[in-house]
Amino acid sequence: DMLHSMVGQAQEFKLTVNLRSPRRIADVVNRVWELYDYLHKQDRPSGTGHAEIEDDGPDQILYAAVSRAEGPALLSSLRMREGLALIAFDKKDLPDEILPFVLSPAEAKGLDFHSVCVLNGGSLLQHIVNARATGTTDTLTRRLAIDQLRVALSRPTERLLWVDITPEAATVKEVARLLRAPGDIALHPITVEALQTCLEEDELDLEDRLQRCQKDARQLVAVKPDLAWSRAQQAVGLLGLPGDLNSVTDPAAREAAYLMLAEVAFQLGFRRKSLSPELGRLDLYEQSAEAARSGRKFLLANAIQTIGLAEQASGVDRLNRIATAIQEITIA
């Protein structure tokens, strides 16, 4: 009631236009909505299923079917690409070293990326189709599977990669039909070599890579600490050393990258997020302060360091350090 009196009565807005995905990817998302038609009406999501599409910007859909031997190398090359998210519905068969870089649909919900690689989505799609054909009565499981598929496919803003490892022929057929190109032409899978060649030809300028790293780092802090930290470090690494031939010379760009690293490290420390042992047992507050100093924000660095000391203290000493932190924050 207090909110209603101060802000106003709540209003409902129906979003009928797809504002994230360009046309081809949005078409695929709309086809996923059609899968809900095989559920009972009371089990379907409410609201508008098919969104209008107004974005005719450039987009790309690539489908690759790879062998189990080719999978680890491909995933290793994809995991650190700027602006690309790996999303898997089932992580049990993925290599251990890849797991820290893979998002579940639940973790990816609400986020957006330049590119998204959907891993083994074919098995999930085949499960949905088989349940429909056999008349399986477990509608909750089917509804959840469709929800997960829709969330994953609606994350990219420019490029969708669909990678199936050792898929069956029936699975390839279903995926090719779902990802079909305009004119109802099935999108047949390509080899891992063709996929890598296509990605290598994707030339980006340094500024674009920096922006993607920074965006990924900020939005992944809460769900993937290791990946957020890696992306932030990646952005700073792209700056190069001052004076190097290919280094970033714009002072504002360098400052922004270092402050982003400081922000990410501080959030991880303040949220008590621990990084994997492989990344080192870092003092995240110290890392944040160091990044702030590199960004020439010395008062901010002092404030961050005092907050870190207060967090690590206890008893009366903690109260004194909190007071010191407040003074430093006021100065900064």
Note to self: By the side-chain hydrogen bond (donor to acceptor under 3.5 Å, both in side chains) test, which pairs, at least two apart or in different chains, include something from residues 68-80?
What the structure shows: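 The answer is S67-E70, R68-T166.
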
So, [X] side chain and [Y] main chain: donor-acceptor pair closer than 3.5 Å or not?
X    : Y    : answer
S288 : L284 : no
R209 : L206 : no
Q211 : D208 : no
Q214 : A235 : no

Qualifying residues under salt bridge (Lys or Arg N to Asp or Glu O under 4.0 Å), relative to [X], sequence neighbours excluded:
X    : result
R254 : none
E311 : R272, R318
D283 : none
E286 : R293

Review point. Taking NZ, NE, NH1 and NH2 as the nitrogens, is one of them in D216 or R212 under 4.0 Å from a carboxylate oxygen of the other?
Key: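 Salt bridge absent between D216 and R212.
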
Only counting residues at least two apart or in another chain, list the ones meeting side-chain contact (heavy atoms from CB on, under 4.5 Å) with [X].
X    : result
L144 : Q148
I146 : V32, L35, Y36, L39, I128
T171 : Q126, D164, P167, E168, V175
V28  : R31, I61, L153, L178, L179

- Task: Kindly check if the number of other-residue, nucleotide or ligand heavy atoms within 6.0 Å of CD (E97) is above 12?
- Result: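 Yes.
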
Item checked: Other residues, nucleotides, ligands: >12 heavy atoms within 6.0 Å of K297 NZ ->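 Incorrect, the count does not exceed 12.
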
To the nearest 0.5 Å, what is the distance between [atom1] on [X] and [atom2] on [Y]?
X    : Y    : atom1 : atom2 : value
L210 : M260 : CG    : CE    : 8.0 Å
R231 : C213 : CZ    : SG    : 6.0 Å
R81  : Q234 : CZ    : CD    : 10.5 Å
W162 : L187 : CH2   : CG    : 10.5 Å
S247 : L238 : OG    : CG    : 12.0 Å

So the ring pair (Phe, Tyr, Trp, His ring centres under 6.0 Å) pairs with at least one residue in residues 280-330 (sequence neighbours excluded) are F266-Y285

Sequence neighbours excluded - salt bridge (Lys or Arg N to Asp or Glu O under 4.0 Å) pairs with any residue from residues 256-271
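Those involving residues 256-271 are R218-E263.
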
Considering only distance and modelled atom types, tabulate donor-acceptor pairs under 3.5 Å from the side chains of residues 83-93, sequence neighbours left out.
from	atom 1	to	atom 2	distance (Å)
D90	OD1	K92	N	3.1
K91	NZ	V102	O	3.1

Identified side-chain hydrogen bond (donor to acceptor under 3.5 Å, both in side chains) partner of Q60 from the options R159, E158, R24:
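For Q60, the side-chain hydrogen bond (donor to acceptor under 3.5 Å, both in side chains) check succeeds only for R159.
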
* Asked: With no hydrogens and no angle check, do the side chains of D112 and T157 hold a donor and an acceptor under 3.5 Å apart?
  ->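 No.
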
| Considering all heavy atoms of both residues, which atom of G71 and which atom of I165 are nearest to each other, and what is their separation? |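 For G71 and I165, the tightest heavy-atom pair comes out as CA-CD1, 4.3 Å.
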
